[in-house]
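Excluded from the calculations below are hydrogen atoms, water molecules and symmetry mates; all remaining heavy atoms, backbone and side chain alike, are included. Predicted model, so just to flag it, every value in this text is computed and none were measured.
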Amino acid sequence: MKAASYPYAVHDWMKAIRTPTPYRVGNAKFHLKPRNLAYGAMFSTAVFILIYFFISKTQSLKNICYNEHDRVYGGSQYDFTYPLSHPLRTPVGYQYTVAVVSDLDTDSRSKLKPNTWISYLNYGNFTISDDQSHVEVIFNDNPVVLSSTLSQEGRGMELSELIVFNGKLYSVDDRTGVVYEILDNKAIPWVLLTDGNGRDIKGFKCEWATVKDERLFVGGIGKEWTSINGEVINQNPQWVKSIGPVGDVTHLDWHKEYNAMRDKTGTNLPGYMIHESGMWSKIHQRWFFLPRRFSMQRYDEKADERRASNVMIICDDDFQNIEVRYIGKKNPVRGFSSFKFVPGTNDNVIVALKSEEDDGKIATYILVFTIEGKILLNETKIGDKKYEGIEFV
């Protein structure tokens, strides 16, 4: 009997184990198997652990991005958008929207409105082939008129550069020192830059602008301020302004940086260089300058018109290692007034403007070349106005 009853005892025990444990919720009654409960608990724990590590990793990556890129200024996040509009894919390459802005000097005074000064903003299409060997630039026929009532000593709106900074388009006035935001084809005053160390009643003669470390750098001509015969008056043009996204300004004495470039090129006093274009390349970690004027002789206002430069100067951040390259053939009356790196080229292709002011004749030319000096687009006239700023928008 005992031998016969043993299998039934085991069978009854296994049956009891397999019988789901009953649970009651309200008036409903359902059964859960302990084994399923164990599996469910293990699965839930695994999911929880995965979610925890995913959130932790995501937060860690977010913190890294925040520290390196998404910095916050004045309660708002820095905007790295560049260019401001998406390029158009074409059968031959990419087409970008480009803009140029004019410096009309004394002709900036409006002939239609009293106490008003104007500048022209013109848009165009810039197309570069996929192999970066062919470039085409076409500008509109009807530029936009920008106006302002701000002036100094009867002059204003002599806009000498265009730059995208913090997701906005800016231009600088080399007469008043006003930095304008260009919004909806209107010039809105943003920051006022004063000459030299900032403790001067004269507006800073803004000539070039670039972005470095989420700050807008605005520079002057880089040579001492002299009389028409070359006598040194002050060193105010050898200062550079650093502007933060919320408009805070730091005044930087750059006479050592400018003089390092002059020393490398043999243009120390009585020689000189006049800078109207400069860019910082984050990719190359280098400063690039294309001087407008370049001379080993003493400054002379009339002779200066025929001392244009075809020099490109490349400097490390400390201006200790400086390289000089030459772009095309030198034209004595056409000097660089602005340039930008072409998007999508790893800062290896440059589009530049050259201004011509010779015995009353005024014109602007555009050209494209690589940083090695290979010409992709020869100097091409874009107008009889002096355009001194170019930017991808």
Side-chain angles (χ1 to χ4, degrees), residues 93 96 98 100 103 124 126-129 131-139 160-162 207-208 210 221-222 261-262 264-267 271-281 284 286-297 303-315 322-359 361-392:
Y96 297 89
V98 69
V100 292
D103 176 356
F126 180 101
T127 304
I128 184 168
S129 61
D131 62 2
Q132 300 178 12
S133 65
H134 178 74
V135 173
E136 183 180 59
V137 186
I138 301 175
F139 283 97
S160 57
E161 188 58 282
L162 272 179
E207 291 291 352
W208 58 268
T210 188
I221 60 176
M261 290 188 281
R262 289 167 68 173
K264 181 68 176 181
T265 56
T267 54
Y272 65 93
M273 280 193 296
I274 293 179
H275 295 276
E276 293 191 4
S277 60
M279 289 290 294
W280 168 257
S281 169
H284 298 296
R286 291 289 188 274
W287 289 95
F288 287 73
F289 287 92
L290 295 169
R292 182 173 180 187
R293 308 292 195 202
F294 183 99
S295 177
M296 298 178 185
Q297 301 175 17
D304 182 64
E305 291 184 349
R306 303 188 67 83
R307 292 176 176 174
S309 164
N310 67 332
V311 170
M312 178 168 65
I313 305 172
I314 306 173
C315 315
I322 301 176
E323 182 180 356
V324 178
R325 300 177 185 176
Y326 295 89
I327 309 301
K329 295 181 179 180
K330 182 177 180 179
N331 185 314
V333 297
R334 298 177 191 170
F336 292 106
S337 57
S338 180
F339 75 91
K340 293 294 182 297
F341 296 108
V342 178
T345 66
N346 288 320
D347 290 358
N348 289 318
V349 179
I350 287 173
V351 56
L353 298 180
K354 278 191 171 184
S355 298
E356 178 179 331
E357 295 177 276
D358 181 32
D359 200 22
K361 180 183 178 181
I362 297 175
T364 301
Y365 295 80
I366 192 169
L367 69 157
V368 181
F369 51 90
T370 70
I371 62 173
E372 302 300 329
K374 180 181 179 181
I375 303 296
L376 303 182
L377 177 68
N378 289 316
E379 294 179 16
T380 304
K381 187 176 181 179
I382 63 172
D384 292 320
K385 298 179 178 65
K386 188 174 64 167
Y387 288 102
E388 288 200 344
I390 187 168
E391 180 61 291
F392 291 92

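Judged by distance alone, the side chain of N346 and the main-chain N or O of N348 form no donor-acceptor pair under 3.5 Å. Of the possible polar contacts, none joining the T267 side chain to the G271 backbone as a donor-acceptor pair under 3.5 Å is found. Between the side chain of S355 and the main chain of S337, no donor-acceptor pair closer than 3.5 Å is present. A donor-acceptor contact shorter than 3.5 Å links the side chain of S277 to the backbone of L290. Under the 3.5 Å distance criterion, the side-chain polar atoms of S160 are left unmatched by any main-chain donor or acceptor of E388. Checked by atom type and distance alone, the side chain of T210 pairs as donor or acceptor with a backbone atom of W280 at under 3.5 Å.
Under the side chain to side chain donor-acceptor pair (under 3.5 Å) criterion, S295 pairs with no residue at all, not counting sequence neighbours. Not counting sequence neighbours, the partners of D304 by the side-chain contact (heavy atoms from CB on, under 4.5 Å) test are Y272, I274, R293, Y299. For D384, the salt bridge (charged side-chain N to carboxylate O under 4.0 Å, His left out) partners two or more places apart in sequence, or in a different chain, are K381. In this view, W287 and D317 satisfy the side chain to side chain donor-acceptor pair (under 3.5 Å) rule, not counting sequence neighbours. Take T380 and apply the side chain to side chain donor-acceptor pair (under 3.5 Å) test, not counting sequence neighbours, and it matches no residue.
Exactly one of N378, I375, I128, L377 qualifies for a side-chain contact (heavy atoms from CB on, under 4.5 Å) with V368. That residue is L377. Between I382 and the choices I390, V137, L353, the side-chain contact (heavy atoms from CB on, under 4.5 Å) rule is met once, by L353.
Closest non-hydrogen pair, P343 versus Y96, comes out as O-OH, 3.2 Å. In terms of heavy atoms, M312 sits closest to I371 at CE-O, 3.0 Å. Among all heavy-atom pairs drawn from P291 and V311, the shortest one is CD-O, 3.2 Å. In terms of heavy atoms, G222 sits closest to R262 at O-NH1, 4.3 Å. The two residues G335 and A308 make their nearest non-hydrogen contact at N-CB, 3.7 Å.
Among residue pairs with one or both ends in residues 334-343, those qualifying as salt bridge (Lys or Arg N to Asp or Glu O under 4.0 Å) are E161-K340, R334-E356, R334-E379; sequence neighbours excluded.
Ring centroids of F288 and F341 are separated by less than 6.0 Å, placing the two rings close together. Ring centroid separation for the pair W208 and F289 comes in under the 6.0 Å cut-off.
Atom OG1 of T127 is separated from atom CD1 of I138 by 7.0 Å, given to the nearest 0.5 angstrom. To the nearest 0.5 Å, atom CG of residue N331 and atom OG of residue S309 are 11.5 Å apart. To the nearest 0.5 Å, the span separating CD1 on I350 from CD1 on I327 amounts to 7.0 Å.
Side-chain contact between M273 and I313 is present, with heavy atoms from C-beta onward closer than 4.5 Å. When side chains are defined from C-beta on, K329 does not count as touching N310, because their heavy atoms never get closer than 4.5 Å. The side-chain heavy atoms of K385 and T364, taken from C-beta on, include no pair separated by under 4.5 Å. Considering only heavy atoms from C-beta on, V351 comes within 4.5 Å of F392 through its side chain. Considering only heavy atoms from C-beta on, H275 stays 4.5 Å or farther from R292 through its side chain. At a threshold of 4.5 Å between non-hydrogen side-chain atoms, the residues I314 and I322 do not count as touching.
Counted within 6.0 Å of NZ on K330, heavy atoms from surrounding residues, nucleotides or ligands total more than 12; the atom is thus considered enclosed.
Using a 4.0 Å cut-off between charged nitrogen and carboxylate oxygen, R307 and E305 do not count as a salt-bridge pair.
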Requested in this report: Given side-chain contact (heavy atoms from CB on, under 4.5 Å), test C315 with M261 step by step and report yes or no.
Outcome: CA-CA 8 Å; C315 315; M261 290 188 281; 3.8 Å; yes
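In this structure, K354 is positioned above the aromatic face of F336, its NZ or CZ under 6.0 Å from the six-membered ring centre and within 45° of the axis.
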